[in-house]
Amino acid sequence: MLTESEILRYSRHLLLEDVGEIGQQKLKNAKVLIIGMGGLGSPAAMYLAAAGVGTLVIADFDQLEVSNLQRQIGYQTADTGSDKVKLMKQRLNSINPEIIVRCINRKMDAEQLSLELMMVNLVLDCTDNMHSRHLINAACVQAKASLIVGAAMRFEGQLIFFDHNQSDAACYHCLFPKSEEQVLNCSNSGVIGPVVGTIGTMQALEAIKYILGLPSGIKNRLKLFDGKTLDWQTFTVTKDPNCSVCGQKK
Amino acid sequence: MNVIVNGNIFEIAPNSRIEGLLKSLDKPLNGSALAVNGEIISRTKWAEYRLCEGDNISLFQAIAGG
Ligand SMILES: [Zn+2]
């Protein structure tokens with residue numbers, strides 16, 4: 001049952017056939033882990049908090065730097081030097097005091113990650129490096145946790161959903177095998193704020209749809225976003241039976 | 001035969017495999033993924049996968065940033 005204040009707050013959801021009171025209750029009951037509170041994590045967390053996702057677990061171990069503010073729109077200049085998760089928890093609770101926000105203020109190893117995965121319905125990978133992405137992917141495959149991956153750099157974005165609940169789910173390693181090769185991230189290549197914001201916003205949209213039980217357009221489908229032309233390209237990813245992370249032959 | 005690589009027509013020997021195409025492209029493959037006609041071909045299949053005339057190939061890099 002929604003309270004009177006919730007009915008008022010979520011009235012624009014309640015008007016939607018795809019949400020309604022039942023959907024809003026699903027959002028309220030949902031627990032989502034968002035890893036990385038940067039340019040992807042800021043809008044993702046803020047939209048999910050506003051939408052009334054009942055429990056948000058936010059993870060990051062960085063302090064806010066002035067160079068973050070060009071794209072990480074959840075933060076204020078006066079807050080530089082403070083822990084991002086603490087700042088974001090305040091921000092999320094001021095957007096929506098009806099929800100619970102829990103902070104993880106340290107780098108998670110595989111063991112802690114797998115414990116955290118047991119307590120949530122869904123994971124958003126909003127990290128900024130390949131090492132974390134592969135660590136999160138492997139833990140989600142093992143825990144059969146649903147994972148929405150976003151990434152952005154320069155004017156480009158990437159978005160994909162791996163529903164590890166399902167046996168046909170591909171994984172991040174099927175798509176981008178782990179390697180020691182140098183890959184591009186925001187600090188070595190730069191990024192335009194609205195591009196990373198677009199991808200983080202899409203992660204929130206897909207999270208809401210997943211919680212509501214609506215079909216996803218990015219399940220095993222990689223979306224590439226071109227911020228210059230505003231074109232989206234779609235590629236199908238099939239589970240690689242030889243994948244060392246999710247395949248049978250691991 | 002001709003294939004399309006990231007929008008550009010590219011001539012390769014008939015029956016070429018993905019690995020052969022990549023060698024002749026001489027491009028860095030740092031954390032790259034490759035799709036043929038909209039389907040990602042996993043790296044473990046690059047050595048055996050044969051390309052066909054007119055195949056539309058997309059080659060792009062993983063992005064880690066966020
Ligand atoms: Zn895999």
Side-chain angles (χ1 to χ4, degrees), chain A residues 35-36 38-41 44 71 125-133 149-154 156-158 170 172-191 195-196 199-200 203 220-222 224 233-244 247 249, chain B:
Chain A
I35 308 173
L40 296 166
R71 64 196 179 281
D125 182 344
C126 297
T127 60
D128 62 359
N129 66 87
M130 229 18 150
H131 176 77
S132 300
R133 290 176 182 281
V149 179
M153 197 229 8
R154 297 188 298 231
E156 297 155 39
Q158 297 180 350
Y172 192 75
H173 192 273
C174 295
L175 176 62
F176 296 121
K178 200 174 189 168
S179 72
E180 299 308 311
E181 295 157 351
Q182 166 90 355
V183 293
L184 303 168
N185 62 44
C186 295
S187 44
N188 66 23
S189 300
V191 65
V195 167
V196 69
I199 301 297
Q203 287 180 279
N220 278 2
R221 283 147 69 95
L222 174 71
L224 299 191
Q233 280 183 282
T234 308
F235 299 102
T236 310
V237 184
T238 0
K239 188 185 183 83
D240 175 11
N242 300 312
C243 174
S244 62
K249 296 178 189 171
Chain B
M1 66 178 189
N2 287 330
V3 294
I4 301 160
V5 181
N6 291 347
N8 302 311
I9 294 175
F10 201 80
E11 199 180 342
I12 52 172
N15 285 321
S16 286
R17 296 182 168 89
I18 287 175
E19 210 168 61
L21 167 75
L22 294 174
K23 265 183 205 137
S24 57
L25 280 177
D26 195 28
K27 254 181 131 179
L29 295 174
N30 304 348
S32 291
L34 182 141
V36 179
N37 304 324
E39 294 200 14
I40 301 284
I41 310 299
S42 61
R43 207 174 255 233
T44 57
K45 295 193 184 118
W46 288 3
E48 64 189 50
Y49 189 101
R50 282 183 197 280
L51 296 166
C52 300
E53 171 82 36
D55 273 348
N56 193 351
I57 295 146
S58 305
L59 185 62
F60 53 88
Q61 277 191 305
I63 297 177

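Keep in mind that the numbers below use all heavy atoms, side chains included, and drop hydrogens, waters and symmetry copies. Chain identifiers are assigned alphabetically (A, B, ...) following the order of the sequence lines, protein sequences preceding nucleic acid strands; residue numbering begins at 1 within each chain.
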Rounded to the nearest 0.5 Å, how far apart are [atom1] of [X] and [atom2] of [Y]?
X	Y	atom1	atom2	value
Thr234(A)	Glu39(B)	OG1	CD	12.5 Å
Asn37(B)	Thr236(A)	CG	OG1	11.0 Å
Phe176(A)	Ile63(B)	CZ	CD1	7.5 Å
Asp240(A)	Arg43(B)	CG	CZ	12.0 Å

- Region of Gln233(A) in contact with chain B, defined by heavy-atom distances below 4.5 Å: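 Looking at Gln233(A), just its side chain touches chain B.
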- Is it the side chain or the backbone of Leu224(A) that comes within 4.5 Å of chain B heavy atoms, both, or neither?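 Only the side chain of Leu224(A) comes within 4.5 Å of chain B.
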- Item | Contact leader toward chain B among Arg133(A), His131(A), Arg221(A), where contacts are heavy-atom pairs under 4.5 Å |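 Counting heavy-atom pairs under 4.5 Å, the top option is Arg133(A).
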Check [X] against [Y] and note the closest heavy-atom contact, atom names and distance.
X	Y	answer
Lys45(B)	Pro241(A)	NZ-CD, 4.3 Å
Ile40(B)	Thr238(A)	O-OG1, 4.4 Å
Cys174(A)	Ser42(B)	O-CB, 3.9 Å

- Side-chain heavy atoms of Phe60(B) within contact of Gln158(A), under 4.5 Å: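 Counting from C-beta outward, Phe60(B) and Gln158(A) do come under 4.5 Å.
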